[in-house]
Amino acid sequence: VSSPNFDSIFPITAMSLCFHRQHTHKGVEFHPAVDMIMQVWLWCITSMSKPDWVSVHTYHHAFSDTEKDPHSPVHKGFWHIFLLGVFDYTKAKALPEVLRIRKTIKLNWLEGFISRNLFTGPYLFTLLLIVLFGAKVGLILLFTNIMISPLFAVGGVNALAHTWGYRNHVSGDNSRNIGFLLPLNFIICGELDHNNHHAHQRSCSFRHRWFEFDIGWAYIWTLAKLKLASIRHLYTPMTLRQEMAKKVRALMEKDLRFKQKLEEIARDYQISAQELCAR
């Protein structure tokens, strides 16, 4: 039976594309039908909801690899995060700081229903599997999903990619890239190029160098071509320079100290401050 592999990969893919790249970091926006299919699937397989996942992940980024980070192997150890990360996620949902983030997240009626009835989805899905495949195969499929999805999507990525690998960017934490573990990175939807993501969180692609491969970006690119997704933010060296230039120019225009420094540098180069600002 090949369906256990597909059923295990798809929740991780949906989590990466929907909860992570769309709702947390706003890098992409999917067609509402595609978005809700992924959210309902995640509800049925993992009992996770958009407001819970987004608020905990936002908190993780705010305190990445500090003592407050619920997913840090630096402070809790590799095996704790890898095997017990899902329990840390559950505890983090109740933290006052996380609840404050949660209150700012807007929900439609279905997202609200899911968040109020987290375990209804898994109960219905279990019943459906037993009806379709029989009790034995149905429960095997359910167990495979329950074990693999939280293990790799919640604890596994953070345990692995905050411990080993190389770094393309200075990110202020211990995030690493290990996307070269291609079969595993394929299953985890490209999430193992983690340093790239932590350094440029809004980008919906985690591929920053020619030899890196992000299957999640391939899915997004394909859905965008089919008019089922809109790309909001995408990292490339060119877009990084453009965004940097906009931010630096905004600082120079708003902050008197920057204006004065700009004028000093312009005098040294014997050009006008306006010309230097434009460059």
Side-chain angles (χ1 to χ4, degrees), residues 19-29 50-51 53-72 74-75 92 95-107 158 161-162 165-177 191 193-210 212 214 217 220 224 229-279:
F19 284 172
H20 195 192
R21 306 189 201 207
Q22 177 179 215
H23 291 296
T24 303
H25 297 294
K26 317 297 184 186
V28 61
E29 184 175 343
K50 166 185 159 181
W53 201 96
V54 171
S55 56
V56 172
H57 190 71
T58 301
Y59 184 75
H60 156 68
H61 272 282
F63 299 101
S64 183
D65 284 326
T66 69
E67 291 184 358
K68 287 188 174 184
D69 184 358
H71 305 317
S72 177
V74 175
H75 292 278
L95 293 173
E97 300 98 319
V98 174
L99 291 174
R100 280 196 291 271
I101 297 170
R102 193 183 193 279
K103 289 179 181 178
T104 66
I105 300 170
K106 295 181 180 179
L107 307 177
N158 290 287
H162 280 257
Y166 65 94
R167 297 164 64 85
N168 286 334
H169 309 282
V170 176
S171 58
D173 55 24
N174 203 48
S175 59
R176 308 277 169 163
N177 292 329
E191 293 277 344
D193 281 322
H194 210 58
N195 174 249
N196 293 348
H197 166 60
H198 269 254
H200 300 279
Q201 297 169 24
R202 300 187 74 187
S203 175
C204 64
S205 172
F206 301 158
R207 177 184 182 271
H208 289 187
R209 298 176 68 180
W210 67 268
E212 296 168 346
D214 175 13
W217 163 242
I220 291 170
S230 299
I231 296 167
R232 298 301 186 207
H233 300 280
L234 177 65
Y235 169 88
T236 67
M238 180 59 72
T239 58
L240 175 62
R241 285 195 292 271
Q242 290 171 347
E243 289 179 10
M244 264 298 226
K246 288 178 183 177
K247 290 180 180 180
V248 171
R249 185 162 185 168
L251 278 173
M252 290 190 294
E253 290 172 351
K254 291 179 181 179
D255 193 305
L256 180 61
R257 293 169 301 170
F258 278 92
K259 282 185 178 180
Q260 292 172 339
K261 192 64 178 177
L262 183 71
E263 290 169 356
E264 290 177 14
I265 296 171
R267 284 196 297 270
D268 290 341
Y269 284 95
Q270 297 182 339
I271 61 174
S272 69
Q274 291 77 15
E275 173 66 14
L276 182 57
C277 183
R279 291 186 184 185

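Between His197 and Phe206, the ring planes lie tilted relative to each other; the angle falls in the 30° to 60° range. A tilted orientation is assigned to the rings of His198 and His194, their planes being inclined by 30° to 60°. Ring geometry for His169 versus His200: interplanar angle over 60°, hence perpendicular rather than tilted (30 to 60°).
In this model, no donor atom of one side chain and acceptor atom of the other lie less than 3.5 Å apart for Arg207 and Asn196. Counting only N and O atoms by type, the side chains of His162 and Asp65 include a donor and acceptor under 3.5 Å apart.
For Arg202, the side-chain hydrogen bond (donor to acceptor under 3.5 Å, both in side chains) partners at least two apart in sequence or on another chain are His233. Checked against salt bridge (Lys or Arg N to Asp or Glu O under 4.0 Å), Asp214 has the following partners two or more places apart in sequence or in another chain: Arg21.
Distance alone, capped at 3.5 Å, places no donor-acceptor pair between the Ser171 side chain and the Asn195 backbone. A side-chain donor-acceptor contact under 3.5 Å links Thr104 to the backbone of Ile101. Judged by distance alone, the side chain of Asn177 and the main-chain N or O of Arg167 form no donor-acceptor pair under 3.5 Å. Side-chain atoms of His25 do not come within 3.5 Å of backbone N or O of Gln22 as any donor-acceptor pair. The main-chain N or O of Lys106 is found under 3.5 Å from a side-chain atom of Lys50 such that the two form a donor-acceptor pair. In this structure, the side chain of Gln270 does not engage the main chain of Arg267 through any donor-acceptor pair within 3.5 Å.
When ring centroids are compared, His20 and Trp53 come within the 6.0 Å threshold.
Ser55 and Ile105 make their closest contact through N-CD1, 4.0 Å (heavy atoms, listed as atom of the first residue, atom of the second, distance).
The number of heavy atoms from other shown groups lying within 6.0 Å of CD (Glu275) is above 12.
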Inset, instruction - Decide side-chain hydrogen bond (donor to acceptor under 3.5 Å, both in side chains) for His208 and Asn168; before the verdict, give the C-alpha distance in whole Å, the side-chain angles of both, and the deciding distance to 0.1 Å. - result: CA-CA 8 Å; His208 289 187; Asn168 286 334; 5.3 Å; no
